[in-house]
Amino acid sequence: MNNIYTIGELESFLIAILVLFIGHFVNRHIPFFRKYNIPEPIVGGLIIASIITVLHFNHISFIFTLSMQNTLMLMFFSTVGLAASYKMLLKGGSRVFIFLGIASLYIVIQNAVGVSMATALGLEPIMGLVAGSITLSGGHGTGAAWAQTISEDYGLNTLEFAMAAATFGLVMGGIIGGPVAQRLISKNNLVSSYGAGGNHHQDHPDLVTYDQLEEDRVTAKSILETLFILLLCVAGSKGIGVLIVTFDISWLKMPDFVYALFIGVMITNLTELSRSYKIHSECVDILGTVSLSLFLAMALMNLKLWEILDLAVPLLIILVLQTVILAFFAYFVTFRLMGSNYDAAVIAGGHCGFGLGATPTAVMNMGALVSRSGPSPQAFMVVPIVGAFFIDIVNAIILKGYLGVIG
């Protein structure tokens, strides 16, 4: 019989912050994690999740109260939008579509690997799609949605299978991104065009670095103003979602974080064009980094690692192979097609994050890299826009194509 304990809102929030402290402590004292830029929420989150898993097998379970988790995610994507001024979009807009093409190509490969391996291992080919882009490029939400569709249309119960695959991908995406990108940076002697040291905000006032080590010049007033704008984006994104459901505008239905991102884009560009208000980039930087770190800490500490331990051996084989192939693809293909420069290396690390896990994992990978090697605003524009918006549309189209062939 399991003893189940519910952890309150405040206590759960404190544990999330503790996750970050643990990750920082481990990274500071273990050279491997520091050298390969493994994100602190991944390190601390896995330690807490491992402890909870041990307790689970000793019939002790915890339920965290994490009502702020979704709001923190929306706040982060709002900062991505606020950092995307029209000047930045014009400067790197073509890169978005180049990376979208690369990511789309990889989804085709990812599903081909999944389907062929599932067939070779005696599983239903559709299970290969679940261990492919449905969960790895799609994440937990997409996995749950497709599990329901597969159950209704094909009579296969894949929900647990999908959740386990998405969990595995989330963990591995955060682990391999740093080493892949750091290897590219070191091997090719790459440096940020903004430099690796110094105070970037002083030299480039409009730059948003997502570097947690950056010295920021902020005031209580500027923090409150920026927080108000972020919460306006969050409230607006939820309001748009409600309106779309109320008026049944299904073709506009997207995840709330996409609305938050684009509301942020609209606000920053309207204020820039009208010159009525200047978005405080350093506050955006701080609040974006904090909200992303806490969101990922909450996601990781809430992982049910025993779902991975319960994986059937065939699924585990498929997922390990998917991890290896993405690492090689990001290293040899993504990096070269994106320009073989510093930004391309950071984008390759981000591709590992959302190609296996989720867009926040991708951004945390990149954040760990720029904290050490210097800013890459192009990467922070390209990867979130593709990972948060375009890739879900492409993924759905490719999956429909695969289902038409194997279904």
Side-chain angles (χ1 to χ4, degrees), residues 9 12 63-84 86 89 96 100 133-135 137-154 158-159 162-163 166 225-271 273-274 276-277 279 284 287-288 291-292 294-296 298-299 302 354 358-360 363 384-400 403:
E9 183 77 42
S12 297
I63 299 174
F64 293 107
T65 307
L66 299 170
S67 59
M68 280 294 293
Q69 184 175 343
N70 187 59
T71 298
L72 288 165
M73 180 185 70
L74 295 176
M75 285 176 62
F76 164 70
F77 279 105
S78 299
T79 68
V80 173
L82 290 173
Y86 71 94
L89 292 171
V96 170
L100 176 61
S133 72
I134 285 178
T135 58
S137 291
H140 286 83
T142 303
W146 275 96
Q148 183 176 346
T149 301
I150 292 171
S151 176
E152 293 170 355
D153 295 348
Y154 300 95
T158 61
L159 181 59
M163 293 302 98
E225 288 176 354
T226 308
L227 184 60
F228 175 80
I229 294 171
L230 292 183
L231 294 178
L232 194 64
C233 294
V234 171
S237 68
K238 292 183 177 181
I240 291 172
V242 170
L243 287 174
I244 286 173
V245 171
T246 302
F247 293 101
D248 195 24
I249 316 174
S250 56
W251 61 274
L252 272 178
K253 179 67 177 170
M254 288 179 286
D256 286 350
F257 63 78
V258 178
Y259 305 137
L261 188 153
F262 280 99
I263 292 173
V265 171
M266 289 176 59
I267 289 175
T268 198
N269 286 288
L270 285 174
T271 55
L273 287 169
S274 65
S276 57
Y277 177 79
I279 301 295
V284 170
L287 292 173
S291 57
L292 176 63
L294 286 171
F295 165 73
L296 273 178
M298 290 179 179
N302 210 28
F354 89 77
T359 304
V363 177
I385 289 178
V386 172
F389 177 58
F390 290 115
I391 205 65
D392 286 333
I393 299 172
V394 171
N395 194 14
I397 294 170
I398 293 174
L399 285 168
K400 289 288 187 182
L403 286 170

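Just so you know, these numbers use all the heavy atoms, side chains as well, and skip hydrogens, waters and symmetry mates. Count residues from 1 along the sequence. Computed from a predicted structure; not experimentally measured.
Every residue meeting the side chain to side chain contact (heavy atoms under 4.5 Å, CB included) condition with N70, not counting sequence neighbours, appears here in chain and number order: M73, L74, K238. Under the side chain to side chain contact (heavy atoms under 4.5 Å, CB included) criterion, S276 pairs with T271, S274, sequence neighbours left out. When the salt bridge (charged side-chain N to carboxylate O under 4.0 Å, His left out) test is applied to E9, no partner is found at least two apart in sequence or on another chain. By the ring pair (Phe, Tyr, Trp, His ring centres under 6.0 Å) test, F295 is found to be paired with no residue, residues two or more places apart in sequence or in another chain being considered. By the side chain to side chain donor-acceptor pair (under 3.5 Å) test, S137 is found to be paired with Q110, residues two or more places apart in sequence or in another chain being considered. Residues that satisfy the side chain to side chain contact (heavy atoms under 4.5 Å, CB included) test with I397, not counting sequence neighbours, are I393.
V265 pairs in a side-chain contact (heavy atoms from CB on, under 4.5 Å) with only one of the listed residues (I263, L261, I267), which is L261. A side-chain contact (heavy atoms from CB on, under 4.5 Å) with I279 is found for one member of I229, T79, T226 and no other, namely I229.
In this structure, C233 SG and F228 CZ are separated by 10.0 Å, a value rounded to the nearest 0.5 Å. Taking OG1 from T71 and CG from L66, the interatomic distance works out to 11.5 Å, rounded to the nearest 0.5 Å. Separating the CE atom in M68 from the OG atom in S291 is a distance of 9.5 Å, to the nearest 0.5 Å. One distance of note links CH2 of W146 with OG of S133; it measures 8.5 Å at 0.5 Å rounding.
No side-chain heavy atom of F64 sits less than 4.5 Å from a side-chain heavy atom of M298. Looking only at side-chain heavy atoms (C-beta outward), T359 and F77 come within less than 4.5 Å of each other. In this structure, the side chains of F354 and V386 come closer than 4.5 Å at one or more pairs of heavy atoms. Side chains of F76 and L230 form no contact here, defined as non-hydrogen atoms less than 4.5 Å apart. The shortest side-chain heavy-atom distance between I134 and I150 falls under the 4.5 Å cut-off.
When all heavy atoms are compared, the tightest approach of T65 to S12 is N-OG, 3.0 Å.
Residues D256 and S237 bring no donor and acceptor atom of their side chains to less than 3.5 Å of each other.
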Evaluate the side chain to side chain contact (heavy atoms under 4.5 Å, CB included) criterion for residues L227 and M75: first the C-alpha distance (whole Å), next the side-chain angles of each, then the deciding distance (0.1 Å), finally the verdict.
CA-CA 9 Å; L227 184 60; M75 285 176 62; 3.8 Å; yes

